Structure formats: structure tokens, C-alpha cells
Amino acid sequence: MIDQNYRWYPVYTRSRAEKKAYEELTRKGISSYLPLKKTVKQWSDRRKIIEEALIKSYLFVYISAKEYAEVLMTNGIARFIYFSSQIASIPEQQINDLKLLLATDADLEVFEYDIKPGERVLIKAGPFKGILAELVSIQNKQRIILRLQNMGYAININTSIAFVEPL
């Protein structure tokens with residue numbers, strides 16, 4: 001169960017209901033965060049840049065135990081995310097890192113599976129300076145992986161290998 005302290009919790013939304021759920025939570029005065037990325041969509045007659053959820057069907061709420069029921073009664077919210085039979089919480093630093101990643105124009109790629117542990121690194125320069133990440137090799141290219149704890153998701157970003165140092 002959620003404790004009395006305020007923490008970030010991931011919630012699962014109905015399919016393609018992230019924005020409506022976020023707006024409803026905001027209207028209720030509940031602090032929430034919906035990471036959005038810009039993508040180009042192609043239709044037969046036009047192309048358009050739209051904002052869509054970075055992690056499909058997920059958003060984050062900053063609540064304590066007293067807001068738990070109110071979040072669940074919000075239109076579009078399906079359930080809280082559980083990890084090892086407990087409601088998962090996300091460290092505030094990881095939410096801040098996610099905001100930093102999205103503040104840049106970097107090309108982000110989200111994986112929907114847990115990546116095997118690799119070498120942990122600190123990004124020491126560039127737009128992602130200060131972020132702790134894991135270094136993995138994907139298709140013979142060096143890339144940095146930021147793991148979102150307790151969710152089974154990771155974000156792939158392109159940055160120079162010269163910008164990282166092992167921990």
C-alpha cells in the first residue's frame with residue numbers, strides 16, 4: 001500500500017487515454033507527470049507532428065495514501081503498477097532524469113522489456129550530463145540506457161561514448 005509520504009508512483013491507463021487521464025488528474029489538483037515525445041505521423045494526404053506518450057499507457061502521480069482512491073476513480077486510470085506484490089514507487093531523481101531527457105531534442109527509443117544489467121556509467125558532458133545509466137551494445141553501436149526502476153522499461157539515447165565515465 002502507499003504510505004503517508006509523497007512519492008512518485010506509475011499508473012497504468014486505458015489504451016490511448018494518457019492525455020485525458022493526465023488532464024483529469026490536473027483538474028482534480030493531483031500532481032502528475034506525463035512524459036510526451038514529438039513524432040511525425042504520416043497519413044495518405046498529409047504529415048503532422050504530434051505529441052504522444054513516451055511510454056504507452058503510463059503516467060506518473062505524486063501522491064500520498066490519502067490521494068490513492070481519488071487517482072483510481074479518475075477517468076482513464078486503470079490501476080497502479082505493482083512490483084513484488086507492492087505498489088511500485090519511482091525515485092524522484094529518475095523522474096527528474098526523465099524530464100531532462102525530454103527537454104532535449106534527442107532521439108529517444110523506449111524498450112518494452114527489461115535490459116540485462118551492464119556497466120553502470122555517469123554521463124559527464126553533453127545534454128544528458130549528470131545522468132546515471134547503463135552502457136550496452138546494440139547492433140554494434142554504443143548506446144546509453146537509462147533504466148526506469150521497478151517498471152521493466154528502459155530508454156535508449158544516443159550520446160558520444162567520450163561523454164561517459166565508469167562508476
Side-chain angles (χ1 to χ4, degrees), residues 1-13 17-19 21-23 25-26 30-39 51-68 71-72 74 76-138 142-161 163-167:
M1 192 65 179
I2 294 176
D3 62 23
Q4 298 300 321
N5 297 322
Y6 278 83
R7 295 185 187 192
W8 285 102
Y9 297 96
V11 291
Y12 192 75
T13 66
E18 304 95 349
K19 287 182 183 177
Y22 173 77
E23 289 169 4
L25 287 166
T26 302
I30 296 172
S31 295
S32 55
Y33 175 57
L34 174 60
L36 297 171
K37 67 176 179 176
K38 291 182 180 173
T39 59
E51 284 188 323
E52 61 182 22
L54 178 66
I55 304 171
K56 299 217 183 300
S57 296
Y58 280 87
L59 60 86
F60 304 93
V61 292
Y62 189 69
I63 62 168
S64 67
K66 62 184 176 187
E67 291 97 355
Y68 175 79
V71 170
L72 286 176
T74 302
I77 301 293
R79 61 184 164 82
F80 279 88
I81 305 302
Y82 284 79
F83 183 75
S84 298
S85 302
Q86 297 213 321
I87 295 176
S89 69
I90 305 292
E92 187 158 1
Q93 183 59 47
Q94 287 191 344
I95 296 294
N96 293 337
D97 289 349
L98 188 56
K99 289 177 180 178
L100 177 64
L101 286 172
L102 290 171
T104 66
D105 288 335
D107 184 26
L108 300 177
E109 183 181 347
V110 176
F111 293 94
E112 291 191 34
Y113 54 86
D114 196 19
I115 295 171
K116 300 293 179 227
E119 185 178 359
R120 292 189 51 82
V121 296
L122 171 67
I123 302 175
K124 60 183 181 178
F128 309 114
K129 182 179 179 182
I131 293 179
L132 295 173
E134 287 184 29
L135 182 68
V136 298
S137 179
I138 301 173
Q142 293 297 321
R143 296 186 181 190
I144 304 300
I145 303 298
L146 174 67
R147 182 185 302 260
L148 293 180
Q149 202 170 5
N150 299 336
M151 284 184 52
Y153 281 88
I155 298 174
N156 180 349
I157 60 175
N158 292 316
T159 192
S160 172
I161 198 71
F163 290 167
V164 301
E165 66 182 26
L167 290 179

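None of these values were measured; they are calculated from a predicted model.
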Should [X] and [Y] count as side-chain neighbours, where that means a heavy-atom distance under 4.5 Å?
{"X": "Leu34", "Y": "Lys19", "value": "yes"}
{"X": "Val61", "Y": "Trp8", "value": "no"}
{"X": "Tyr58", "Y": "Thr13", "value": "no"}
{"X": "Ile90", "Y": "Arg7", "value": "no"}
{"X": "Val71", "Y": "Val11", "value": "yes"}
{"X": "Leu132", "Y": "Ile123", "value": "no"}
{"X": "Phe128", "Y": "Thr104", "value": "yes"}

Whether the Asn96 and Glu92 side chains hold a donor-acceptor pair (N or O, under 3.5 Å, no angle test) is what I'd like checked.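 Per modelled atom types, Asn96 and Glu92 side chains form no pair under 3.5 Å.
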Can a donor-acceptor pair be found between the side chains of Tyr62 and Glu67 at a distance below 3.5 Å? no
Kindly say whether Ser57 contributes a backbone atom to a donor-acceptor pair with the side chain of Glu18 at under 3.5 angstrom? yes
Would you say Lys99's side chain and Gln94's backbone share a donor-acceptor pair under 3.5 angstrom? no
Exercise: identify the closest heavy-atom pair between [X] and [Y]:
{"X": "Thr74", "Y": "Ala21", "result": "CG2-O, 4.0 Å"}
{"X": "Ala88", "Y": "Pro10", "result": "O-CD, 3.2 Å"}
{"X": "Ser32", "Y": "Thr26", "result": "OG-OG1, 4.0 Å"}

To the nearest 0.5 Å, how far apart are [atom1] in [X] and [atom2] in [Y]?
{"X": "Ile55", "Y": "Lys37", "atom1": "CD1", "atom2": "NZ", "value": "10.0 Å"}
{"X": "Glu51", "Y": "Leu102", "atom1": "CD", "atom2": "CG", "value": "10.0 Å"}
{"X": "Leu54", "Y": "Leu36", "atom1": "CG", "atom2": "CG", "value": "8.5 Å"}
{"X": "Ile63", "Y": "Ser89", "atom1": "CD1", "atom2": "OG", "value": "11.0 Å"}

What do you reckon, is NZ of Lys129 surrounded by more than 12 foreign heavy atoms closer than 6.0 Å?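 Open: at most 12 neighbouring heavy atoms sit under 6.0 Å from NZ of Lys129.
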Apply side chain to side chain contact (heavy atoms under 4.5 Å, CB included) to residues Ile131 and Leu122 and explain how you reach the verdict. CA-CA 6 Å; Ile131 293 179; Leu122 171 67; over 6 Å; no
Going by the angle between their ring planes, with limits at 30° and 60°, are Phe60 and Tyr33 parallel, tilted or perpendicular? parallel
is_close_aromatic(Tyr68, Phe80), centroid dist under 6.0 Å: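 Centroid distance Tyr68-Phe80: below 6.0 Å, so yes.
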